[in-house]
Amino acid sequence: QVKLVEFGGDSVPAGGSLRLSCQSSGWTLGSGCMGWFRQTPGKEREGVAVLDSDGMISYGDSVKGRFALSKDLDKNSLYLQMNSLKPEDTAMYYCAADRYACSAEPAVYSDFDGFLYRGQGTQVTVST
C-alpha cells in the first residue's frame with residue numbers, strides 16, 4: 001500500500017523560506033512520476049514542481065528560480081525547497097505520485113487528478 005505524507009508547512013513572512021518533505025512508503029522514487037501541487041480556495045490546483053520518470057524536473061512558471069525539487073533515494077523522500085516566498089504562494093501543498101501520470105509536456109502541467117497516490121497536504125501561509 002502506497003502512502004505519501006507531507007511535512008514542513010508553516011506560516012512565514014514574505015521573503016522567507018520553507019522546505020517541504022514528502023515521505024513515501026510503498027512507492028519507489030524513480031518508478032514513475034512524482035511531484036508537488038498546490039491549491040488555494042477559489043483557485044485551480046496547479047503543478048508546482050514535478051519529477052518525471054526520466055528524471056526530468058519541471059517547474060510552474062510562478063515558482064521558477066525560487067523553488068527547487070530534490071530527492072533522497074535512501075529516505076524515499078521528495079523535497080521542495082521554497083525561497084523568496086510571496087503571499088501568493090499561500091496554499092495547501094500536496095505530494096502526488098503515479099507510474100503513468102506525467103502525461104503533459106512539461107510534466108508540471110500534468111493533471112493532479114490523474115495521480116493515483118496523493119498525500120493529505122501541508123499548509124503554507126505567507127504573510128505580507
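Computed from a predicted model, the values in this text were never measured in an experiment.
For the atom pair OG of Ser17 and CE of Met82, the computed distance is 8.5 Å after rounding to the nearest 0.5 Å. Atoms CZ and OH, on Phe7 and Tyr79 in that order, are 10.5 Å from each other to the nearest 0.5 Å. To the nearest 0.5 Å, the span separating OG on Ser21 from CD on Gln81 amounts to 9.5 Å. In this structure, CE on Met92 lies 9.5 Å from CD on Gln120, to the nearest 0.5 angstrom. Rounding to the nearest 0.5 Å gives a distance of 4.5 Å between OG of Ser62 and CD of Glu46. Put simply, CG on Leu78 and CD on Gln23 are 11.0 Å apart, with the number rounded to the nearest 0.5 Å.
When all heavy atoms of Ala101 and Gly114 are compared, the pair lying nearest together is CB-O, 3.6 Å. For the pair Ala49 and Val108, the tightest heavy-atom approach, listed with the atom from each and the gap, is N-CG2, 3.9 Å. Closest non-hydrogen pair, Arg38 versus Asp89, comes out as NH1-OD1, 2.9 Å. Across all their heavy atoms, Ala107 and Asp52 have their closest contact at CB-CB, 4.1 Å. Across every non-hydrogen atom of Arg66 and Leu85, the tightest pair is NH1-CA, 3.9 Å. The two residues Leu29 and Ser24 make their nearest non-hydrogen contact at CD1-OG, 3.6 Å.
No continuous path of hydrophobic side-chain contacts links Val5 to Val124 [ILVMFWY only; heavy atoms under 4.5 Å]. Two different hydrophobic clusters hold Ile57 and Tyr100 under the rule that ILVMFWY side chains link at heavy-atom gaps under 4.5 Å. Both Leu73 and Leu4 are part of a single hydrophobic cluster, where members link through side-chain heavy atoms under 4.5 Å apart. There is no path of hydrophobic side-chain contacts, each under 4.5 Å, that joins Leu51 to Met56. Linking ILVMFWY residues whenever their side-chain heavy atoms come closer than 4.5 Å, directly or via other members, leaves Leu80 and Tyr94 in distinct clusters.
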CA sep, side-chain torsions, deciding dist, call: Ser77, Asp72, side chain to side chain donor-acceptor pair (under 3.5 Å): CA-CA 5 Å; Ser77 294; Asp72 186 326; over 6 Å; no
Full working for side chain to side chain contact (heavy atoms under 4.5 Å, CB included) between Met34 and Trp27: CA-CA 10 Å; Met34 190 173 186; Trp27 171 265; 3.5 Å; yes
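The closest donor-acceptor contact from the side chain of Ser110 to the backbone of Ser103 lies under 3.5 Å. Listed for the Tyr59 side chain is a donor-acceptor partner under 3.5 Å among the backbone atoms of Leu69. Checked by atom type and distance alone, the side chain of Asn76 never pairs as donor or acceptor with a backbone atom of Ser25 at under 3.5 Å. For the pair Arg99 (side chain) and Ser31 (backbone), a donor-acceptor distance under 3.5 Å is present.
At a threshold of 4.5 Å between non-hydrogen side-chain atoms, the residues Gln123 and Thr90 count as touching. Side-chain atoms of Leu20 and Glu6, non-hydrogen and from C-beta on, never get closer than 4.5 Å to each other. Side-chain contact check for Pro13 versus Ser127: some heavy-atom pair is nearer than 4.5 Å.
Side-chain rings of Phe115 and Phe37 approach one another, their centers coming within less than 6.0 Å.
Evaluated for a side chain to side chain contact (heavy atoms under 4.5 Å, CB included) with Phe67, the options Val48, Leu18, Asn83 yield exactly one hit, Val48.
Within 6.0 Å of CD in Glu88 there are more than 12 heavy atoms belonging to other residues, nucleotides or ligands.
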